[in-house]
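Numbered from 1 within each chain, the chains take letters A, B, ... in sequence-line order. What you see below is based on every heavy atom in this structure, not just the backbone, and it leaves out hydrogens, waters and symmetry mates.
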Amino acid sequence: MACWLFKSEPDEYSIADLQRDKTTVWNGIRNYQARNFLRDEVAVGDEVLFYHSSCKPTAVAGLAKVVRGAYPDPSQFDPSSPYYDAKSKPEAPRWVCVDIAFKAAFKHPVTLDRIKATPALSEMLLVKQGRLSIQPVTEDQSKQVQSLAK
DNA sequence: GCCAACGTTGGC
DNA sequence: GCCAACGTTGGC
């Protein structure tokens, strides 16, 4: 089982929204590096750290799990969607999405500042490569983050 | 709202 | 098939 970190702007979709909805489609990914992870490596049963980005403070806010592997993101073919991509054809979809389910909302979200200040987490891509909305996390890192949230 | 980092694109 | 330009991302 692999672990991942998914970023979302809480104004758009927060861990509280996921708690309410139970499951959601993780769509709208329009960055190639993130898509490659989604398409090639994210699998059913994988653990997901749910990260709130572009807010104050940015933090890992909860836990989710993958319940459906990569399939074509329907929004890329919908002209009325903000995620519409005219260059993507149904016979060769450019973008994919996965489904995730709620597992937990952290009582104490683990802020980016805290992660940066924790030596065991200094190798996280979150710290080393900021701009990546889907990223792999080691099992140790995931456990560390979860223990900081208690 | 700046701008740095990345993968992809496309002109040559 | 090189490589400059582009689009996306997200902390500051």
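When heavy atoms are screened at a 4.0 angstrom cut-off, A:Tyr51 is found touching the sugar-phosphate backbone but no base atom. Nucleic acid contact for A:Lys116: sugar-phosphate only, since backbone atoms but no base atoms lie under 4.0 Å from a heavy atom of the residue.
Counting to the nearest Å, the P atom of B:dG7 and the CZ atom of A:Arg94 are 17 Å from each other. Distance, A:Leu125 CG to B:dA5 C1': 12 Å, rounded to whole Å. Straight-line distance from the CE atom of A:Met124 to the P atom of C:dG11: 12 Å, rounded to whole Å. Taking atom CH2 of A:Trp95 as the reference point, atom C1' of C:dG7 lies 9 Å away to the nearest angstrom. Regarding A:Leu126, its CG atom lies at a distance of 13 Å from the C1' atom of C:dT9, rounded to whole Å. If you take NZ of A:Lys56 and C1' of C:dC12, they are 9 Å apart, rounded to a whole angstrom. Between the P atom of C:dG10 and the CG atom of A:Leu132 lies a distance of 8 Å, rounded to the nearest Å. For the pair A:Ile134 CD1 and B:dA5 C1', the interatomic distance rounds to 17 Å; values are reported in whole Å.
Between A:Trp4 and A:Tyr51, the distance from one ring center to the other does not fall under 6.0 angstrom.
Nearest to the side-chain atoms of A:Gln33 among the listed nucleotides C:dC12, C:dT9, B:dC6 stands B:dC6. The nucleotide whose nearest atom lies closest to any side-chain atom of A:Arg30 is, among C:dT8, B:dT8, C:dG11, C:dT8. Nearest to the side chain of A:Asn31, among B:dT9, C:dG11, C:dT9, sits C:dT9. Checking C:dG10, B:dC6, C:dG11 against every side-chain atom of A:Gln129, the shortest atom distance belongs to B:dC6. When distances run from any side-chain atom of A:Arg35 to the nucleotides C:dG11, B:dT8, B:dC6, the shortest one goes to B:dT8.
Both A:Arg131 and A:Tyr32 lie close to DNA chain B; mapped to their nearest nucleotides by heavy-atom distance, the more 5′-ward contact belongs to A:Arg131.
Between A:Lys87 and C:dC6 there is no side-chain N or O to OP1 or OP2 distance below 4.0 Å. Between A:Tyr83 and C:dT8 there is no side-chain N or O to OP1 or OP2 distance below 4.0 Å. Side-chain N/O atoms of A:Lys7 include none lying less than 4.0 angstrom from OP1 or OP2 on C:dT9.
Using a 30° and 60° split on the angle between ring planes, A:Trp26 and A:Phe6 fall in the tilted class, from 30° to 60°.
When each of A:Thr111, A:Leu121, A:Val60 is paired with A:Leu148, the side chain to side chain contact (heavy atoms under 4.5 Å, CB included) condition holds for A:Leu121 and for no other.
Put simply, the side chain of A:Arg114 never gets that close to the backbone of A:Val145: no donor and acceptor are under 3.5 Å apart.
Within the cation-pi definition used here (under 6.0 Å to the ring centroid, within 45° of the axis), A:Arg68 qualifies as a partner of A:Tyr71.
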